[in-house]
Amino acid sequence: MIVQVICTVCFLAVNTFHVRSSFDFLKADDMGEINQTLVSEFLLLGLSGYPKIEIVYFALILVMYLVILIGNGVLIIASIFDSHLHTPMYFFLGNLSFLDICYTSSSVPSTLVNLISKKKTISFSGCAVQMFFGFAMGSTECLLLGMMAFDRYVAICNPLRYPIILSKVAYVLMASVSWLSGGINSAVQTLLSMRLPFCGNNIINHFTCEILAVLKLACADISLNIITMVISNMAFLVLPLMVIFFSYMFILYTILQMNSATGRRKAFSTCSAHLTVVIIFYGTLFFMYAKPKSQDPIGEEKLQASDKLISLFYGVVTPMLNPIIYSLRNKDVKAAVKYLLNKKPIH
């Protein structure tokens, strides 16, 4: 899996270098001869090429968005009000649920409007806000998944030291660092992207203001963007994945050393939900960015239907599956949800 993410980083670099090369012909003398009109808004192409299925996508995305809000909302409430879930693992899970709500709320409403409205434009500032939240939530989720893997490693491999290593101060600090780092990383990437001049073509062949699609429209040198994105991908994609990989290697080794079959099953069950979420998250992320055609500019080939589905899967289906996976594969969460649903109000 580490090899996959390294490939993702390489593809990001190749794609952004391709953007830069497309503007190399604009020399200083030529730029003075071109009447540039700076872009004040962008046109989100979305599914404009498939008008017959726009209403179908609208209904599907709306249903999935409601499931995201309800499912993740229930998990957050359960982790707050059920004392049995006041542990590091469920604290991180609550953060992950809140993150999924924030991420989808920054993009899904505009996507729904885009699908049923003739007006498919987004303002320059609106695009910047959408890009910031998308990048911030993605970066933070990578770090949170790494933190959750470390939590499982300590719980299974060092159970006696678990309360000491993962004290309340420690896991609150870990989550805070994840949110702060993701926000700073996104602020840097967004500012570097939106400071670029955009002239001429303002059509983004995507559902949202995805950073690579936006950079395709810049009419300036994006070398600094390339460098910062590669560094960002190494820090927020590769590093957390290495933590996950080595954590599960140690977990697997520890489980195989157990003599009790019941103990092995219990250990596997505590990790299965998190591991499933990791595979879905990184798997869709890899396939979304590892396909060069998914970022073709307007005037060339349109995005293939498979690329649209991958983008939709990453942006909507993955946040929807997270609470379902944790609810179905975790007895504590199921018990907490049942307790909250069956709890009688006090008169």
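Because only heavy atoms are used, hydrogens play no part in the values below, and waters and symmetry mates are left out as well, while side chains stay in.
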Counting only heavy atoms not in Tyr171, do more than 12 fall under 6.0 Å of its OH? yes
Check whether more than 12 heavy atoms from other residues, nucleotides or ligands sit under 6.0 Å from atom CZ of Phe250, and answer yes or no. no
Looking at [X] and [Y], would you say the former's side chain and the latter's main chain have a donor-acceptor pair under 3.5 Å?
{"X": "Asn72", "Y": "Ile68", "result": "yes"}
{"X": "Asn114", "Y": "Leu44", "result": "yes"}
{"X": "Thr190", "Y": "Ala187", "result": "no"}
{"X": "Thr270", "Y": "Ala267", "result": "yes"}

With a 4.5 Å heavy-atom cut-off, do Val277 and Tyr326 have their side chains touching? yes
Should His274 and Asp151 be marked as a side chain to side chain contact (heavy atoms under 4.5 Å, CB included) after you check the CA-CA gap, both sets of side-chain angles, and the distance that decides it? CA-CA 11 Å; His274 174 258; Asp151 168 77; over 6 Å; no
Start with the C-alpha distance between Phe236 and Ser181, add both sets of side-chain angles, then the distance that settles side chain to side chain contact (heavy atoms under 4.5 Å, CB included), and finish with yes or no. CA-CA 9 Å; Phe236 289 88; Ser181 300; 4.0 Å; yes
Centroid-to-centroid, Phe198 to Phe42, below 6.0 Å? yes
Could you please spell out the steps behind the side chain to side chain contact (heavy atoms under 4.5 Å, CB included) verdict for Phe150 and Leu166? CA-CA 10 Å; Phe150 177 73; Leu166 270 298; 3.9 Å; yes
Decide whether Gln130 and Ser110 meet the rule of one side-chain donor and one side-chain acceptor closer than 3.5 Å. yes
